[in-house]
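Given the structure is predicted, the values throughout are model-derived calculations rather than measurements. Order of the sequence lines sets the chain letters (A, B, ...), proteins ahead of strands, with each chain counted from 1.
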2 protein chains.
Amino acid sequence: MLQYDSEAGRANGGRARTARASDARRAPDGLKHGVLPGLLGYQLRLAQLAVFRDFDQTMQDLGISPGRVGMLVLVGANPGLSQSRLALAVGLDRSTLVPVLDALERRGLLERRSGPDRRTNGLWLTVGGKRFLASVKRRIARHEQRFLELLTAAERDQLLKMLARLSA
Amino acid sequence: MLQYDSEAGRANGGRARTARASDARRAPDGLKHGVLPGLLGYQLRLAQLAVFRDFDQTMQDLGISPGRVGMLVLVGANPGLSQSRLALAVGLDRSTLVPVLDALERRGLLERRSGPDRRTNGLWLTVGGKRFLASVKRRIARHEQRFLELLTAAERDQLLKMLARLSA
DNA sequence: TATTGTTATACTCTATAACTATA
DNA sequence: TATAGTTATAGAGTATAACAATA
């Protein structure tokens, strides 16, 4: 799987290109992947795909995506949150959120109540939504565990810190 | 921005939940993000978004996505590659690839030539495609540089290794 | 005037199923 | 029968523009 692929070459400002070991080596699929394995964006993408694939399998029967779980968590942690604030927090346009919330409401996981302002909706988890979220959280813990097992505690801390630095 | 959000709780098999410092703290947007900042999948997603956002800006006038660049690199490194093998390598269905290749061919970046088999197309970069790819690679080098600057050389190696371990 | 939620619409990326031409 | 490429179609997920109600 490959969503990002390149050979960087001349990273050092005009000097002759330094061939890297990975440039000519063939991957398990018999193809040359060039410098890809050495590219941050590429490895980041592959790792993210692996983690999300496991997430999907973990949540299979619950039928919920990482993005939707994120919304439930935010509403759970910030009861009465408005749609616009939630949209901002999850990086979506507020119009995009409308059908998403419709679906979550139809599933009985959350509800829109009138907010402090007559323009505004406050978002709240239903009782069922809270129960659902608790179950999801337990599974997320197991899901995370599977990946954290691949790292030592020190590595785990370092990885999280480095990732946070990259996205800052 | 948030595509993945949760509070894990009980990661340790039934013992009482250990509250983490981040659980109640408010993020810069004034919202409680719960344990999110401590979740691997969440930080991975945020880092990937940041890197891809920078990639887009870097390639702005070239109008090419990470995924498309990956295809060009693979075709460049493996001339005569078949569509099916490319689809497999990039994790797409072979039917999905058809319109993508149509567009790249229309842009004059690659071409389908008859393959070893009369069912098969061989994919080749055009002269223009090679020139384009070379230009893209120079920009990728600068793009990568911006992120690698945030890490020491040792950290960079360690990060790439840890990411590879996660996706293995 | 500005903000909140909404609608209508469209674009991107992806998959599945069925087709054709080969093998 | 199986494989390579293609077509038609559909489903996520997202955005922009314009609107009504309210501030």
**Request:** Apply the side-chain contact (heavy atoms from CB on, under 4.5 Å) test between A/V75 and each candidate in A/L125, A/L101, A/L104; give the one that qualifies.
**Result:** A/L125

**Request:** Give the rounded distance in Å between these two atoms: CG of B/L97 and P of D/dT7.
**Result:** 13 Å

**Request:** Can you tell me the distance, in whole Å, between the CG atom of A/D102 and the C1' atom of C/dA8?
**Result:** 14 Å

**Item:** A/L101 CG to C/dT4 P, straight-line distance once rounded to whole Å
**Value:** 15 Å

**Message:** Taking only side-chain N and O atoms of B/R118, does any of them lie within less than 4.0 angstrom of OP1 or OP2 on C/dA23?
**Reply:** yes

**Item:** Spacing between B/R45 atom CZ and D/dG13 atom C1', to the nearest angstrom
**Value:** 11 Å

**Fill in**
Numerically ordered, the residues 78-85 of chain A set in heavy-atom contact under 4.0 Å with DNA chain D is none

**Request:** Identify whether any heavy atom of B/R94 sits under 4.0 Å from a base atom; if not, whether one sits that close to sugar-phosphate; answer base, sugar-phosphate or nothing.
**Result:** base

**Request:** Considering only NZ, NE, NH1 and NH2 on the basic side and carboxylate oxygens on the acidic side, decide whether B/R142 and B/D54 come within less than 4.0 Å.
**Result:** no

**Asked** Any donor-acceptor pair under 3.5 Å joining the side chain of A/R119 to the base of C/dT3?
**Response** yes

**Request:** Could you check A/D117 against A/P99 and say which one's nearest nucleotide on DNA chain C is further toward the 5' end?
**Result:** A/D117

**Prompt:** CG of B/D56 versus P of D/dT14: gap in Å, rounded?
**Reply:** 15 Å

**Message:** Please compare A/T96 and A/P116 by the position of their nearest nucleotide in DNA chain D and report the one closer to 5'.
**Reply:** A/T96

**Asked** So what does B/N121 hit on the nucleic acid, given a heavy-atom distance under 4.0 Å: a base, only sugar-phosphate, or nothing?
**Response** sugar-phosphate

**Request:** Using whole Å, report how far CD1 of B/I64 lies from C1' of C/dT12.
**Result:** 15 Å

**Request:** Please report, rounded to the nearest Å, how far the P atom of D/dG13 is from the CG atom of B/L49.
**Result:** 15 Å

**Prompt:** Given C/dT16, C/dA15, C/dT22, which nucleotide is nearest the side-chain atoms of B/S95?
**Reply:** C/dT16

**Request:** Compare all side-chain heavy atoms of B/I64 with those of B/L72 and state whether any distance is below 4.5 angstrom.
**Result:** yes

**Asked** What is the distance from CG of B/L92 to P of C/dT16, rounded to the nearest Å?
**Response** 12 Å

**Message:** For a 4.5 angstrom cut-off between non-hydrogen side-chain atoms, does A/R112 reach A/Q83?
**Reply:** yes

**Message:** Surrounding CZ of B/R131 (heavy atoms of other residues, nucleotides or ligands, distance under 6.0 Å), is the total greater than 12?
**Reply:** no

**Asked** Under a single-linkage definition using a 4.5 Å side-chain heavy-atom cutoff for Ile, Leu, Val, Met, Phe, Trp and Tyr, are A/L31 and A/Y42 assigned to the same hydrophobic cluster?
**Response** yes

**Asked** Hey, is B/R139 close enough to B/E144 for a salt bridge, meaning N to O under 4.0 Å?
**Response** no

**Complete:** Of the candidates D/dG13, C/dT16, C/dT6, the side chain of A/R112 sits closest to C/dT6

**Prompt:** Heavy atoms under 4.0 Å, any strand shown: does A/T120 hit a base, just sugar-phosphate, or nothing?
**Reply:** sugar-phosphate

